**Student:** 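One structure coming up, written as structure tokens, with questions to follow.
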Amino acid sequence: MRVLFVSHERDVEPGYLGDAATRHGLSVEVCDLWAGEALPDPTQYALVVPLGSAEAAYDDAVPWLADELAFLRRADQAGVPLFGVCFGAQALARAVGGQVRPAREPEIGWYEIDTTAPQLIEAGPWLQWHFDTLTPPPGAVRLARTTVGVQAYRLRRQIGVQFHPEVTPAIVEAWISSSGARLTERDIDVAALAAETRARVPEARAGAHRLFDRVVEELAVGQPRSPGRHRDCRP
């Protein structure tokens, strides 16, 4: 079985989620949209994981966004399990009828979240790094939130999370390097953020692996797909 991670920038990587997929015996593949790679047929994969991005999922000027939205709609219609992460969750929500908009304030750093489904989405802390927020698509179950907005939802064979379970210290340091002034203008202590990320490695890796395990079970990854007939997931 294969899992496809969709990467939108050079410093967007599967991280701990890629390690967790390998533990499940899934063959990890990455589609680098930022490098001009074309999205493949989603039905050839047991799971599709669209990752984060510095772009906005509501910005139709992003050159690859229309193709990705169509790809995610096709995957959903075919019953392919989908696990969206941050921008990936926003794009997935938009693709199937939800909305994405600028958040009233960014969330960057390690945050606890309010969860109504702790057996699936733990309270954290999870690494947050986003300037936008989403409204889940019609019929979706909201699983977690903060005061800023929705943190996790599920619908049919898809789960979206606003936080970043995949991040390693190297990923966070790359984001700090590429974000520079945008973080300083918001008085974010980047040295403290990098240090906290390094200190949290054992718990962050374990939390990401537990979350991936639960997503695999909840979305019935590897089980036959029935287009138009989806498992009804409830908290």
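The structure displayed is predicted, hence computed values, not measured ones. What you see below is based on every heavy atom in this structure, not just the backbone, and it leaves out hydrogens, waters and symmetry mates.
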**Student:** Is F5 linked to F83 within one hydrophobic cluster, defined over Ile, Leu, Val, Met, Phe, Trp and Tyr using a side-chain heavy-atom separation of less than 4.5 Å?
**Tutor:**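 Yes, because F5 and F83 connect within a single hydrophobic cluster, where side-chain heavy atoms sit under 4.5 Å apart.
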
**Student:** If you compare all heavy atoms of T115 against all heavy atoms of A117, which two are closest, and at what distance to 0.1 Å?
**Tutor:**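 That would be OG1-N, 3.1 Å.
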
**Student:** Does V3 reach the side chain of V49, with side-chain heavy atoms less than 4.5 Å apart?
**Tutor:** yes

**Student:** Check the angle between the aromatic planes of W126 and F163 and answer parallel, tilted or perpendicular using the 30° and 60° thresholds.
**Tutor:**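 Ring orientation of W126 relative to F163: parallel.
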
**Student:** Tell me whether Q99 at atom CD has more than 12 heavy atoms from other residues, nucleotides or ligands lying less than 6.0 Å away.
**Tutor:**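 No, CD of Q99 has 12 or fewer neighbouring heavy atoms, counting only those of other groups under 6.0 Å.
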
**Student:** Is any side-chain N of the basic residue among E122 and R214 closer than 4.0 Å to the acidic one's carboxylate O?
**Tutor:** yes

**Student:** Between E173 and R198, does any NZ, NE, NH1 or NH2 come within less than 4.0 Å of an OD or OE carboxylate oxygen?
**Tutor:**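 Yes, R198 and E173 are salt-bridged.
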
**Student:** I need the I108 CD1 to L127 CG distance, nearest 0.5 Å.
**Tutor:**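 So the gap between those two atoms works out to 9.5 Å.
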
**Student:** Are W110 and T197 linked by a side-chain donor-acceptor pair shorter than 3.5 Å?
**Tutor:**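 A pair is found: one side chain offers a donor N or O, the other an acceptor, under 3.5 Å apart.
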
**Student:** Carefully, step by step, assess E107 and Q162 under the rule side-chain hydrogen bond (donor to acceptor under 3.5 Å, both in side chains).
**Tutor:** CA-CA 10 Å; E107 291 181 302; Q162 184 65 80; over 6 Å; no

**Student:** Quick check: is Y16 connected to V6 through a chain of hydrophobic side chains (ILVMFWY, heavy atoms under 4.5 Å apart)?
**Tutor:**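 No, because V6 and Y16 fall into different hydrophobic clusters, even though each may have its own neighbours under 4.5 Å.
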
**Student:** Tell me if a side-chain donor or acceptor on R157 pairs with a main-chain N or O of G79 at a distance below 3.5 Å.
**Tutor:** yes

**Student:** Are L47 and V85 connected in a single hydrophobic cluster, I mean Ile/Leu/Val/Met/Phe/Trp/Tyr linked by side-chain heavy atoms less than 4.5 Å apart?
**Tutor:**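 Yes; tracing contacts between hydrophobic side chains, which count when under 4.5 Å, links both residues.
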
**Student:** Look up atom CG in L193 and atom CG in L183, then write down how far apart they are to the nearest 0.5 Å.
**Tutor:**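 Between L193 CG and L183 CG, I get 8.0 Å after rounding to 0.5 Å.
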
**Student:** Under 6.0 Å from the six-membered ring centre of Y45 and within 45° of its axis: does the NZ or CZ of R2 meet both?
**Tutor:**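 Verdict for Y45: a cation-pi partner in R2.
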
**Student:** Counting distance only, does the side-chain N/O of S7 pair as donor-acceptor with the main-chain N or O of V12 below 3.5 Å?
**Tutor:** yes

**Student:** Give, for atom CD1 of I113 and atom OG1 of T147, the distance between the pair rounded to the nearest 0.5 Å.
**Tutor:**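 Those atoms lie 12.5 Å apart.
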
**Student:** Tell me whether D32 contacts the main-chain N or O of W34 through its side chain, where contact means a donor paired with an acceptor under 3.5 Å.
**Tutor:** no

**Student:** Starting from V190, can I reach F131 by hopping between I/L/V/M/F/W/Y residues whose side chains sit under 4.5 Å apart?
**Tutor:**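 Cluster IDs for F131 and V190 match.
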
**Student:** What distance separates Q44 CD from M1 CE, expressed to the nearest 0.5 Å?
**Tutor:**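 These two atoms lie 14.5 Å from each other.
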
**Student:** Do NZ/NE/NH1/NH2 and the carboxylate oxygens of R23 and D213 come within less than 4.0 Å?
**Tutor:**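 A salt bridge is present here (some side-chain N lies under 4.0 Å from a carboxylate O).
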
**Student:** Is it true that the side chains of R205 and T168 contain a donor and an acceptor less than 3.5 Å apart?
**Tutor:**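 Looking only at side-chain atoms, T168 and R205 do not form any donor-acceptor pair under 3.5 Å.
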
**Student:** May I ask you to test the V221-F212 pair for a side-chain heavy-atom distance under 4.5 Å?
**Tutor:**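 No, side chains not in contact.
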
**Student:** Do NZ/NE/NH1/NH2 and the carboxylate oxygens of D76 and R156 come within less than 4.0 Å?
**Tutor:**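 The answer is yes: the pair qualifies as a salt bridge.
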
**Student:** Is V150 reachable from V148 through a run of I, L, V, M, F, W or Y residues, each pair having side-chain heavy atoms under 4.5 Å apart?
**Tutor:**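 No, V148 does not connect to V150 through the hydrophobic network.
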
**Student:** Would you check if there is a donor-acceptor pair between the side chains of Q151 and Q128 at a distance under 3.5 Å?
**Tutor:** yes

**Student:** When you compare the side chains of H130 and Q90, does any donor N or O come within less than 3.5 Å of an acceptor on the partner?
**Tutor:** no

**Student:** Are side-chain heavy atoms of I171 and D11 found at a separation under 4.5 Å?
**Tutor:**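 Of all side-chain heavy-atom pairs linking D11 with I171, none is under 4.5 Å.
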
**Student:** Answer yes when R142 and D114 have at least one side-chain N-carboxylate O distance shorter than 4.0 Å, and no when they do not.
**Tutor:** no

**Student:** Taking the six-membered ring where the residue is Trp, are the ring centres of H164 and W175 under 6.0 Å apart?
**Tutor:**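 Yes, the ring of H164 comes within the 6.0 Å limit of the ring of W175, centre to centre.
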
**Student:** Say you draw a straight line from CZ of R94 to CZ of F87; how long is it, rounded to the nearest 0.5 Å?
**Tutor:** 9.0 Å

**Student:** Indicate yes or no: at least one non-hydrogen side-chain atom of V100 is less than 4.5 angstrom from one of T133.
**Tutor:** no

**Student:** Under 6.0 Å from the CZ atom of R10, do we count more than 12 heavy atoms belonging to anything else shown?
**Tutor:**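 No.
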
